Novice: 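Pasting a structure below so you can have a look.
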Protein chains: 2
Amino acid sequence: MSVPQHKAPTLRHVAHASQVSESTVSKIVNGTKRFSPEVERRVHEAIAELGYTANPHARSVITGKSRAIGVVVADILNPHFALLVKGINSVARTRGYTVLLTDSEESAEIESELLRELIPRVDGLIVATRLSQSAIEQFSKLRPLALTSRPSGVEHVPTFGADGRLAGQIIGQYLVQSGHRRVSYLHLRQGSEERLHGLRAAFAGTGVSLTVHLSGEPNIEGGVNAAGALLLGTERPDAVVAYNDLMALGLMAEAQKYGFNVPADLSVIGVDDIPYAALTSPPLTTVQLHSRQEGAHAAESLLNRIEGLEVPAYLPLHPQLILRGSSRVRVPESPGTPSGSSVTSQ
Amino acid sequence: MSVPQHKAPTLRHVAHASQVSESTVSKIVNGTKRFSPEVERRVHEAIAELGYTANPHARSVITGKSRAIGVVVADILNPHFALLVKGINSVARTRGYTVLLTDSEESAEIESELLRELIPRVDGLIVATRLSQSAIEQFSKLRPLALTSRPSGVEHVPTFGADGRLAGQIIGQYLVQSGHRRVSYLHLRQGSEERLHGLRAAFAGTGVSLTVHLSGEPNIEGGVNAAGALLLGTERPDAVVAYNDLMALGLMAEAQKYGFNVPADLSVIGVDDIPYAALTSPPLTTVQLHSRQEGAHAAESLLNRIEGLEVPAYLPLHPQLILRGSSRVRVPESPGTPSGSSVTSQ
DNA sequence: GTGAAAGCGCTAACAA
DNA sequence: TTGTTAGCGCTTTCAC
C-alpha cells in the first residue's frame, strides 16, 4: 500500500551535482543574484535532474516569513463563507501565497484554538470572528489580522464586508414602501447588531412594528427551529427578515409546511444571495453582499500589509436588494418598487 | 493601522529566563523527558511570562514532519466538498494536525500547481482529483495520498467514498421499479464513469432507454445549461438523473421554467443529498453518499499511514436512496416502492 | 561572479 | 536529571 519516501534532495545535493557552492544555488533559486550563463545552466540542469524543491520550512526559519496566510471561517458549509474563501484563494494564489483554511464550527473556543495553532505558521490571518474585542486585540499583536463578515469594531484591525447597517436599511425601506406592517426579524445572537439597527432606522416613524427573535445557529436548522415561535404567535407578521439566507431558507420551508403561502400570506427576505436562494419556490428575495469580492479585498489588503506595501482604501461593497418571488407588495395603492440604484429585479 | 510585531521569544530566551539549557526547555516543551519539579516549574513560568510558542518551521526542518495535511477539493462551494472538509477537519483537529485547504476550481492545471506547492509543506494529502493516473502516481511518490470523491483506480493509492457504481445501480433499480421508461443521464465529462455504469447495469434487459448527456461543470450552472438539450429533444425523458445534486437542482429549476411539472411530467434525481436538496419545491430525490464520513475516513487512514500505525480497513459507505417529491411512480400497476434497506422515504 | 562562514530556532545523540 | 555538541536545510553578510 505504502510507497517508500526517499528523502528529498537538498541544496547540498544540487550544489554537488552542479559543482558550485550552496550559496550560489540558493541565489539562483531565489533569483537574488545573477551568474554566468554556464553556471546557471548547470544548476538548472541539476535541479531538474534531481527534482529539487526548496524546503519552505527551512526558508521560513531564516526569513521569518512563511508566504502563507491563515483563514478562519465560522462554517465552510455556508456559501457566504465558501465564496469568501474563493475570493481569498484567487488573490493568494496569484501572489504566491498558500492558504491555511480552518472551520471554527461557530465556536469561539475552537476559533481561539485554531488561531493559536495557525499564528506561528502564517504571515497574517483573515478571520470571521466570534471572539471578544480584547481577544482579537491580543491576537492582532502577534500577526496582522483582517476581519470579515462580522465587524467587531476593534481598532487597528481592518474589517471588510458590505455595510450590514445599510443592508438592513435597504430591506427595511423596501418593506415599508411595499406596504408591510408587521415585520419579524430572526436575529443572530452574537455578532452583528448592524443589520438590526438598519432595519430599526428604516422603520422609525413609519408605524411598522418590528419583533426580534433570537437564533443561536446562523444556518438552515436555525431557521427551521425558529419558525414556530416566529410565525405562530397571536399577531402574525406579514414579513420575516432573517440574518442570512440559510436561516431564511429554513424558515421559508418550515412556513410552507405550516401552510403559509409565500408570498401571499408572508414575505420572506434573507441576506447574502447564496446560489441556492434563486432555486427555491418561490425564489428568495435577498440582499447581495458580494461575498467573493469581500474575500478578495481582505486578502489584498492583508498581503499588502504583510509585504509593507501601501494599503489602498477599498471601495465599500454596496449591498444590493435582489427582488424575487418570496416577497411582494401588500397594499394595492402603493405599487411602486423602491427607487434607487441598489435594486435588481429578477 | 499596523501594530509593530516584536519578534517572538525563542527557546534561548526561555532557557535564559529559567536558568536551564535550551535542550532542557525543548524536552519539557515536547514532553520528551521529565525533570525535577523545581526546574519544570521555572520553565513553565518563563514560558507563560514570555508568551513563548514553539516555531513549527524550525521543528519541521529537523523532524522532517510538519503535522499538517493538505487538502485539495474541486469546489468548496459544493456542499459535498464542504462536508468532506468538515469530516477531515474534525479528525485532524483531534489528532493535532493542521489542515491546508485549497480549491482547484475544477482545473487539473491549478490542481497540479497546488499539489506542488502543498507537498513540501505537509506530511500527506487528501485530494479530490481530476489528474491522470500517471500524474497521481508521481505525486504519490513524494507524499502519502488519499483520494476521495473521484476514484481514479490508481494502485497503491487508497480511495475513499461511497461506491459510485452502487449509487447508480440503486437509482436505476428505483427508476425501473417505479415504471420509468426513458431516462436521461447528465454525466460529468471526466472522472467517475461509475455512476453511469451502475445505471446501465440496472437497466440491462429491462427495456428502459438511457440517453447520456455531457456537462463540463458539476454545479448548478452545469445543470441549467444542459437542460435545453436534455429536455427539449423529440423523445422526451420521463426521468433525468444528474451526476450530483447541484446539477440536478439547476436542471430542475430550468425544467420548471420551461413549464415541466416535476414530478408529474418528469422525475428528477440527484446524488449527494446536500442540505439544499430538501428545501426546493418539490424537494429532490437523491442518493446520500455520507460525504462527512468519507472525509473522516480518508483523514483517519491518512494520519495512520503517516504515523506508521496500522491502517484498518474502513467499512465502505453505503449509498442510500432518499425518496422525496421530485420523483414518483409512473405506472399505476406497480405502486410498490423498491425494497431493501437502502431506501429512506421523507 | 562566486564562495566561505555564520547562524535562523530547534531537536537529538551522547556525555556527565 | 541536566547539559554539551552537532547539525537539519536554508539564507545572508562579507570576502575574494
Side-chain angles (χ1 to χ4, degrees), chain A residues 5-44 46-47 50-68 96 117 119-123 142-143, chain B residues 5-44 46-47 50-68 96 117 119-123 142-143:
Chain A
Q5 238 74 179
H6 358 265
K7 53 182 112 6
T10 71
L11 263 196
R12 169 114 86 257
H13 299 130
V14 177
H16 251 112
S18 51
Q19 308 276 29
V20 296
S21 73
E22 289 183 40
S23 61
T24 297
V25 177
S26 169
K27 284 159 193 159
I28 289 178
V29 167
N30 293 294
T32 310
K33 285 229 158 69
R34 303 253 18 181
F35 292 82
S36 67
E38 164 62 11
V39 165
E40 298 202 341
R41 194 191 51 72
R42 287 210 316 264
V43 170
H44 283 128
I47 288 175
L50 298 171
Y52 169 78
T53 334
N55 180 328
H57 299 117
R59 189 174 277 173
S60 293
V61 173
I62 300 173
T63 61
K65 296 286 174 191
S66 60
R67 288 199 81 77
E117 214 186 61
I119 279 178
R121 297 171 178 260
V122 300
D123 298 337
L142 301 172
R143 287 289 186 281
Chain B
Q5 238 74 181
H6 357 265
K7 53 182 114 4
T10 71
L11 263 196
R12 168 115 86 256
H13 298 131
V14 177
H16 251 112
S18 51
Q19 309 276 28
V20 295
S21 74
E22 289 182 42
S23 64
T24 297
V25 178
S26 168
K27 284 160 193 159
I28 288 177
V29 166
N30 292 295
T32 311
K33 286 232 158 71
R34 304 257 9 187
F35 292 83
S36 69
E38 164 61 11
V39 165
E40 298 202 340
R41 195 190 51 71
R42 288 211 315 265
V43 170
H44 284 128
I47 287 175
L50 298 171
Y52 169 77
T53 333
N55 180 329
H57 298 117
R59 188 174 277 172
S60 293
V61 172
I62 299 173
T63 61
K65 297 285 175 194
S66 59
R67 289 199 82 77
E117 214 185 60
I119 278 178
R121 298 170 177 260
V122 300
D123 299 336
L142 301 172
R143 287 289 186 280

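Order of the sequence lines sets the chain letters (A, B, ...), proteins ahead of strands, with each chain counted from 1. What you see is a predicted model, and the numbers here were worked out from it, not measured in a lab. Scope of the values below: all heavy atoms of this structure, side chains included, with no hydrogens, waters or symmetry mates.
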Novice: Taking CG from B/Leu11 and P from D/dG3, how many angstroms apart are they, rounded to a whole number?
Specialist: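 Taking CG of B/Leu11 and P of D/dG3, I get 13 Å after rounding.
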
Novice: So, is B/Thr24 near the phosphate of D/dG3, with a side-chain N or O under 4.0 Å from OP1 or OP2?
Specialist: yes

Novice: Does D/dT11 have its OP1 or OP2 closer than 4.0 Å to a side-chain nitrogen or oxygen of A/Arg59?
Specialist: yes

Novice: Decide yes or no, distance alone: a donor-acceptor N/O pair under 3.5 angstrom between the base of D/dT4 and the side-chain of B/Ser21.
Specialist: no

Novice: Find the distance B/His16:NE2 to D/dG3:P and express it as a whole number of Å.
Specialist: 12 Å

Novice: From the options D/dG3, D/dT11, D/dG9, select the nucleotide whose nearest atom is closest to the side chain of B/Val61.
Specialist: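 Side chain of B/Val61 sits closest to D/dG9.
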
Novice: Between B/Ile62 and B/Glu40, which is nearer to the 5' end of DNA chain D once each is assigned its nearest nucleotide?
Specialist: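 It is B/Glu40 whose nearest nucleotide is closer to the 5' end.
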
Novice: Nearest-Å distance, CZ (A/Arg67) to C1' (D/dC10)?
Specialist: 16 Å

Novice: Tell me the bend of the helix from C/dG1-D/dC16 to C/dA16-D/dT1 as the angle between end helix axes, each from five pairs, rounded to the nearest 10 degrees.
Specialist: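 Rounded value for the end-axis angle: 30°.
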
Novice: Could you run down the sub-3.5 Å N/O contacts of the protein with nucleotides 14-16 of chain D?
Specialist:
none

Novice: Quick check for you: name the first and last nucleotides of DNA chain C, 5' to 3', having an atom under 4.0 Å from a heavy atom of chain B.
Specialist: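 In short, chain B contacts DNA chain C from C/dC8 to C/dA13.
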
Novice: Just the rounded figure in Å: distance from P of D/dG9 to NZ of B/Lys65.
Specialist: 14 Å

